[in-house]
Amino acid sequence: MPTFLYTALDRQGRDTSGTLTAESKHAAVDQVIGRGLSPVSVVEQEEARGGSSRLAAPGGISHSAVEAFTRELANLLAGGLPLSRALHLLRREASQPAARYAWGQIHDDVVGGMSLADALAKWPRAFSRVYIAMVRAGEAGGFLHLVLQQISDFRAREQDLKGKVKAALIYPIVLAILAGAVLIFLLTFFIPRFQTIFEGFGGNLPWLTRLIVAISELVTKYGPFTAVALALAVVVVRRLLTAQEGRRFMERMLLKIPVLGTVMARFALVRFSRMLGTLVGAGVPLVNALRVAREALGNQTLADTVTFAVDEVQKGASLARSLAASPLLFPPSVVEMITVAEETGRLDKELVRLSTAYEAELDRQLRMLVALAEPAMLLLMAGLIGTVVIGMLLPILTLSDVIRG
C-alpha cells in the first residue's frame, strides 16, 4: 500500500504535516479530513522525493488513446455522470497500460481537489497547450462536455489533414529513395568494371566520363567517410533549423517556391483558423487564444505574425488589421472575411468555416503538387541515370578518337 505525505491546516489554522498509508490518493485525502484537518496537499511519497511516479508509467500514451479518452469523457459528462465517476470508468476500461495508469493518476488528482485542466497539464506529452487551455475555459464556463467534443472534432480534423499531407509525400519519397539506390549501385558496381576498359584506351577520356569516374572512386574508396560526413551535415543542418533564425530562413525560402510555398501557406492558414476558432468558440479570450495558437503552430513565420497580432490586439486594434501585415499567409479575402466576422460577433464560427473551405482548397493543391512531383521525379531519375550511362558509353562511342589521342 503506498505511503502519502500530507500538508494540512488544523482547526486553529496552523500548518501540520505527516505521513499515512492508503490505497489511493482519494482515500488518503479522506483520512486527512477524518483527522479534523483541512488538506493543502497530499502527495505520494515517491513523487515527493522527486521521482515523480508519472515517470514510471509503462510506455507512452498513443494519440488514439487520447482521442478515445476525450470523446468518451465528453459523452459521459453529456450523459450526466460526475467527472470523478466518468474518469473512474475510463480508467477501468482503458486497454493500454500507459493510458490506464495516466487516467488513474488524473482521476486521483481530480478527486483530491485539483481541476481537470491542472491534472491534465501534468501529462504534457499527451495533452497539448491548446487542449489544456480549452479544458480550463470549459471548466470555468460550465460547459466542459461541449469543449471536450470540440477538442475531439478538432483533433480528428487535424489528423485527417496531416494524413493527407503524408499521403501526398509518400510517392515522391519512394521515387527519391529508388533513384538514390540505383545511383549508388551504378557508382559502386557498374562503373568500376568500366574503369579497367578505360585504362586500356591510353587516351584522354571525355570530361563527363572523368567526372563520373572520380565520383565513383570517391564513393567506393571513401564511402563510409562520406556517409559519416553526410550524417554530420544533416545533424548540423537540423540543429541550425531548430534555432528560430534558422527556421525563419528555411520557411521563407520554402514559401517562395511557387507551388510548394502556396501549399505551406494554406496548411498554416487552415491550422491557425481552426485552432483559433475552436479556442474562441470554447470561451477562451482572444488574446489568450492567440497566444496558445501561436505556441502550438510549429511554424515560426506564422508565429511571428501572430506575435505581432497579439501586440496589436492588446493595443485595441482589430484582429483582421493585425493579420493583414502578412498577405502571403493571410490573403486580402481572408482578412476581409475576418473583418466582417468581428463586426458581426461571429469570429469563432467564421474561422472554423474558413478552415473548412481552405482545407478543401489545400486538398486540391496537394493533389496538383503530387501530380507535378511525380513526372518531375521521374524526369530527375531518368536524367541522373541517363547521364551516368551516357558518360560511361561516350568513350566507347568515340573509341577511334580516344585511341587516336
Which pair of non-hydrogen atoms, one from Ser318 and one from Glu342, has the smallest distance, and what is that distance? CB-OE1, 3.6 Å

For the residue pair Arg100 and Glu93, establish whether any side-chain heavy-atom pair is separated by less than 4.5 Å. no

Partner residues of Arg91 under the salt bridge (Lys or Arg N to Asp or Glu O under 4.0 Å) criterion, sequence neighbours left out: Asp108

Tell me, please, which residues at least two apart from Glu361 pass side-chain hydrogen bond (donor to acceptor under 3.5 Å, both in side chains). Arg266, Gln365

side-chain contact (heavy atoms from CB on, under 4.5 Å), that's the test. Do Thr278 and Val147 meet it? Break it down for me. CA-CA 9 Å; Thr278 305; Val147 168; over 6 Å; no

Looking at side-chain heavy atoms only, is the closest gap between Arg346 and Val340 below 4.5 Å? no

Contacts of type ring pair (Phe, Tyr, Trp, His ring centres under 6.0 Å), residue Phe189, not counting sequence neighbours: Phe185

List in chain and number order the residues that pass ring pair (Phe, Tyr, Trp, His ring centres under 6.0 Å) with Phe69, two or more places apart in sequence or in another chain; answer none if no residue qualifies. Trp103, Phe127

Check Ala320 against Thr339 and note the closest heavy-atom contact, atom names and distance. CB-OG1, 3.0 Å

Could you pull out all donor-acceptor pairs under 3.5 Å where a side-chain atom in residues 133-143 meets a protein atom, sequence neighbours excluded?
{"unit_1": "Arg136", "atom_1": "NH1", "unit_2": "Asp118", "atom_2": "OD1", "d": "3.0"}
{"unit_1": "Arg136", "atom_1": "NH2", "unit_2": "Asp118", "atom_2": "OD1", "d": "3.3"}
{"unit_1": "Glu139", "atom_1": "OE1", "unit_2": "Ala117", "atom_2": "N", "d": "3.0"}
{"unit_1": "Glu139", "atom_1": "OE2", "unit_2": "Leu116", "atom_2": "N", "d": "2.8"}

Measure across Gly277 and Asp348 and return the closest heavy-atom pair with its distance rounded to 0.1 Å. O-CB, 3.5 Å

Which residues satisfy the salt bridge (Lys or Arg N to Asp or Glu O under 4.0 Å) test with Glu72, sequence neighbours excluded? none

Ignoring hydrogens and geometry beyond distance, is a side-chain donor-acceptor pair present between Gln149 and Asp153 at under 3.5 Å? yes

Starting from the C-alpha separation in whole Å, work towards a yes-or-no answer on side-chain contact (heavy atoms from CB on, under 4.5 Å) for Val182 and Leu384. CA-CA 10 Å; Val182 172; Leu384 291 174; over 6 Å; no

If the condition is side-chain hydrogen bond (donor to acceptor under 3.5 Å, both in side chains), which residues does Thr220 pass it with, not counting sequence neighbours? none

Are the side chains of Val335 and Pro331 in contact, using a 4.5 Å heavy-atom criterion? no

How are the rings of His88 and His107 set relative to one another: parallel (under 30°), tilted (30 to 60°) or perpendicular (over 60°)? tilted

Run the salt bridge (Lys or Arg N to Asp or Glu O under 4.0 Å) test against Arg85 and tell me which residues pass, sequence neighbours left out. none

Closer than 3.5 angstrom, by distance alone: can the side chain of Thr188 be matched with the main-chain N or O of Ile184 as a donor-acceptor pair? yes

Do Leu81 and Leu89 come within less than 4.5 Å of each other through their side chains, counting heavy atoms only? yes

Those residues that, when tested against His145, pass ring pair (Phe, Tyr, Trp, His ring centres under 6.0 Å) (two or more places apart): none

With heavy-atom distances below 4.5 Å as the criterion, would you say the side chains of Phe272 and Leu354 are in contact? no

Residue pairs passing the salt bridge (Lys or Arg N to Asp or Glu O under 4.0 Å) test with at least one member in residues 274-287, sequence neighbours excluded, are Glu158-Arg274, Arg274-Glu359

Does the side chain of Val334 reach to within under 4.5 Å of the side chain of Tyr358, using non-hydrogen atoms? yes

Given side-chain contact (heavy atoms from CB on, under 4.5 Å), test Asn288 with Arg291 step by step and report yes or no. CA-CA 5 Å; Asn288 293 340; Arg291 287 172 176 165; 4.0 Å; yes

Less than 3.5 Å apart, any donor N or O on the side chain of Glu67 or Ser152 sitting next to an acceptor on the other? no

Contacts of type side-chain hydrogen bond (donor to acceptor under 3.5 Å, both in side chains), residue Arg353, not counting sequence neighbours: Glu350

Residues Leu87 and Val110: closest non-hydrogen pair is CD1-CG2, 3.8 Å

Ser216 (side chain) donor-acceptor with Leu187 (main chain) under 3.5 angstrom: yes

Looking only at heavy atoms, which two atoms of Leu319 and Val313 are closest? And how far apart? CA-CG2, 4.1 Å

Residues forming a side-chain hydrogen bond (donor to acceptor under 3.5 Å, both in side chains) with Thr305, sequence neighbours excluded: none

At their closest point, which heavy atom of Met381 faces which heavy atom of Leu175, and how far apart are they? SD-O, 3.5 Å

